[in-house]
Number of protein chains: 2
Amino acid sequence: MSSKPTMRDVARKSGLSIATVSRVINFPADVPAETAKIVTAAMAYLNYRPNINGRRLKMTQTSTIGVLVPTLANPVFATSVQGIEQEANANGLTVILTSSEYDPEREMGAVSTLLNNRVDGLILTLANADNNPVVDLLLAEKIPFVLLFNQPSRADIAAISVDNAQSAYDMATAMIAKGHRSLAMVAGQFESSDRSRQRYDGFCRALDDAGIAQKHLVQVRFGETDLVAPLADFLCGPEEVTGLVCSTDMLAIAAISACRAHGLSVPDDVSVGGIDGISVGGLITPKLCSAVQPTQEMGQQALAFLRGLIKGQTNPQSLLLPHHLSDGDSIGDFRRRSSTLL
Amino acid sequence: MSSKPTMRDVARKSGLSIATVSRVINFPADVPAETAKIVTAAMAYLNYRPNINGRRLKMTQTSTIGVLVPTLANPVFATSVQGIEQEANANGLTVILTSSEYDPEREMGAVSTLLNNRVDGLILTLANADNNPVVDLLLAEKIPFVLLFNQPSRADIAAISVDNAQSAYDMATAMIAKGHRSLAMVAGQFESSDRSRQRYDGFCRALDDAGIAQKHLVQVRFGETDLVAPLADFLCGPEEVTGLVCSTDMLAIAAISACRAHGLSVPDDVSVGGIDGISVGGLITPKLCSAVQPTQEMGQQALAFLRGLIKGQTNPQSLLLPHHLSDGDSIGDFRRRSSTLL
DNA sequence: TTGAAAGCGATACCAG
DNA sequence: CTGGTATCGCTTTCAA
């Protein structure tokens with residue numbers, strides 16, 4: 001009485017068998033409407049609630065998927081998880097959420113938890129997609145998974161991202177075309193973001209192709225949002241630059257604050273470009289340019305892809321979403337997109 | 001062989017019983033080091049991974065908690081979930097995530113899913129905390145839960161929030177003190193956010209107390225981020241106002257964009273104030289004022305509170321976090337706080 | 001210190 | 001169309 005009613009209780013109440021109760025829940029079509037009505041009434045009367053854990057134990061599929069992101073404090077990941085959640089909800093899947101806090105060491109633990117839960121598949125954003133023990137484990141255990149935002153070098157791993165190196169290359173090249181000869185890249189730490197490294201590689205290649213030898217790099221620790229000091233040398237010190245290429249929109253926003261703090265007007269005195277999984281944008285004097293790839297949709301895509309893998313209808317494959325440079329205010333777009341109600 | 005190893009396999013492999021295996025997993029202290037070593041070796045050899053669903057079925061506690069937020073696309077909720085996740089992780093709890101998309105109709109379904117999962121407790125941000133069937137259900141079934149950001153009128157419901165009405169009152173009052181006589185409130189739809197209504201109430205009270213009869217209200221649909229048209233009447237039309245009080249930081253950001261689009265400089269031509277679960281801030285000419293209550297910590301607090309409820313060590317109680325008006329750039333602070341690495 | 005065995009709640013096979 | 005029953009993997013007495 002005090003404890004929750006089970007199928008057994010419903011069966012007793014309705015004078016039918018537990019097997020029949022199970023049928024009206026799972027295969028209503030296999031049961032006469034009359035019978036179904038009796039059972040349904042009993043369920044309602046008892047306030048019955050199927051215990052999904054019983055089902056999970058019995059079935060091979062758990063209808064559960066695991067998600068691992070660095071942090072939800074970054075809107076890029078948060079909105080992608082929102083997309084995953086939406087798509088999961090539409091397909092009767094339950095989402096278990098974990099985060100690594102950008103710490104590669106914590107990834108394995110988080111994934112272990114997920115696997116102990118016997119998730120049907122995983123969607124992950126890892127610090128480093130290559131040479132990652134988590135990836136090896138998943139591959140070995142043949143658990144379906146798709147990487148989100150990571151761009152692994154192996155092509156037979158399921159992944160959804162933009163071309164990180166190329167997008168940075170394009171942005172730097174565009175800034176160079178506008179006349180900039182002295183550029184700095186603002187990036188996250190490579191250990192906790194392979195995207196950063198890939199984008200930096202693209203940045204360097206662009207400068208090489210333009211015959212610019214001097215490459216500046218400002219690396220920012222995760223969580224660091226005050227770029228006033230880190231950028232001092234470049235904005236008003238000896239290494240004066242005229243343009244910044246930022247690894248992410250969030251860094252670009254922070255960089256803009258720093259520019260203003262140093263008395264520079266953006267984008268008049270300095271140009272700032274931010275790259276994201278969602279957007280490749282540059283503040284290029286005198287107009288800003290950007291292109292937005294909604295991360296929410298990327299999340300939905302990732303789950304759709306994962307569902308295909310789980311059903312065995314699809315093969316793992318790396319998907320590169322197109323990126324564009326176009327006119328518009330990248331940062332403004334970003335902000336506007338994020339602007340929702342509390 | 002093809003299927004995952006179970007405790008039975010480990011027992012067989014180690015020549016011990018399944019009960020002993022269970023013991024080394026759950027009560028290592030109750031087992032001789034020698035025995036434990038054998039079992040551990042067998043587990044490693046077999047690549048054993050406990051199936052949490054078996055345990056969940058047997059135990060009354062599932063070590064799982066359910067979370068429901070309107071959306072993760074709003075950084076306020078996303079960071080709070082991040083805080084929950086962090087705290088859960090630190091306590092060996094698994095988080096199941098759902099979202100309502102701001103649709104009150106979807107709340108019950110989401111909570112049902114959570115309850116079917118037999119979560120130990122819930123953390124929820126509801127459209128309306130009062131007269132909510134979800135709350136009634138949870139109360140009736142005696143499932144521990146804590147509301148986050150909601151400020152229910154009943155005091156015996158666990159909740160963590162700021163004083164919505166009072167914070168809006170304070171902000172409006174501060175703006176009036178600066179000389180503003182014509183103010184408008186920018187708020188979300190009341191049906192999907194009781195916070196909005198409570199804040200609007202505070203706004204009205206402030207105007208009443210100041211003897212200002214004219215109260216302007218601009219209500220914005222969820223997802224709407226372009227306030228140029230909605231604010232046209234107030235920013236350059238017949239109803240010219242000199243200050244905007246926004247229900248959330250995100251709305252404030254959108255409002256600022258709209259001001260600029262209308263050729264107004266912020267905060268010279270117009271003042272904008274944003275209220276959030278995290279912050280009560282106003283852009284008050286000539287200086288911005290704000291105070292930040294980190295939502296991430298609110299999430300952590302919520303989970304800590306919930307754990308107390310689950311253990312029966314605490315009683316449900318409504319907690320109001322203090323809010324402040326102080327100097328600083330509310331919007332800038334917000335952005336800086338959000339600025340992390342991809 | 002260890003093991004046998006009884007469930008936890010649901011699914012699904014196989015008879016009736 | 002319906003019901004009995006074995007089973008999923010694990011926890012937890014109760015004996016040995």
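Values below: every heavy atom of this structure, side chains too, minus hydrogens, waters and symmetry copies. Below, chain A is the first sequence line, B the second, and so on; all start at residue 1.
- Sequence neighbours left out, the pairs with a member in residues 5-22 of chain B that pass salt bridge (charged side-chain N to carboxylate O under 4.0 Å, His left out) are B:D9-B:R12.
- For the segment residues 53-63 of chain B, residues with any heavy atom less than 4.0 angstrom from an atom of DNA chain C are, sorted by number, B:L57, B:K58.
- The OG1 atom of A:T94 lies 5.5 Å from the CD1 atom of A:I52; values are rounded to the nearest 0.5 Å.
- Map B:R23 and A:R49 each onto its nearest nucleotide of DNA chain C; the residue landing nearer the 5' end is B:R23.
- Among the atoms of the strands shown, only primed sugar atoms or phosphate atoms (P, OP1, OP2) are found under 4.0 Å from some heavy atom of B:T6.
- Rounding to the nearest 0.5 Å places OG of A:S80 at 5.0 Å from CG of A:L148.
- Note that the first and last nucleotides of DNA chain D, 5' to 3', having any atom under 4.0 angstrom from a heavy atom of chain A are D:dC1 to D:dG9.
- Looking at B:S112, its side chain never comes within 3.5 Å of a backbone N or O of B:A110 through a donor-acceptor pair.
- For B:D136, the CG atom sits in a packed shell: over 12 heavy atoms of surrounding residues, nucleotides or ligands are nearer than 6.0 Å.
- A:I52 comes within contact range of no nucleotide atom at all, as no heavy-atom separation falls under 4.0 Å.
- Mapping B:R118 and B:V31 onto DNA chain C by nearest heavy atom places B:V31 closer to the 5' end of the strand.
- The distance from atom CD of B:Q82 to atom OG of A:S99, rounded to the nearest 0.5 Å, is 4.0 Å.
- Formation of a donor-acceptor pair under 3.5 Å by the B:Q300 side chain with backbone atoms of B:I84 is not found in this model.
- The footprint of chain B on DNA chain C, defined by a heavy-atom cutoff below 4.0 Å, extends from C:dT1 to C:dG9.
- Remark: side-chain polar atoms of B:N150 are not paired, donor with acceptor, to backbone N or O of B:D194 under 3.5 angstrom.
- A:L68 pairs in a side-chain contact (heavy atoms from CB on, under 4.5 Å) with only one of the listed residues (A:L126, A:I123, A:V134), which is A:L126.
- Residues passing the side-chain hydrogen bond (donor to acceptor under 3.5 Å, both in side chains) test with A:D30: none are found, sequence neighbours excluded.
- Legend: residues meeting side chain to side chain contact (heavy atoms under 4.5 Å, CB included) with A:E141, ordered by chain and number and at least two apart, are A:L137, A:I143, B:K4, B:N47, B:R49.
- Within 4.0 Å of B:L16, counting heavy atoms only, lie sugar-phosphate atoms of the nucleic acid but no base atom.
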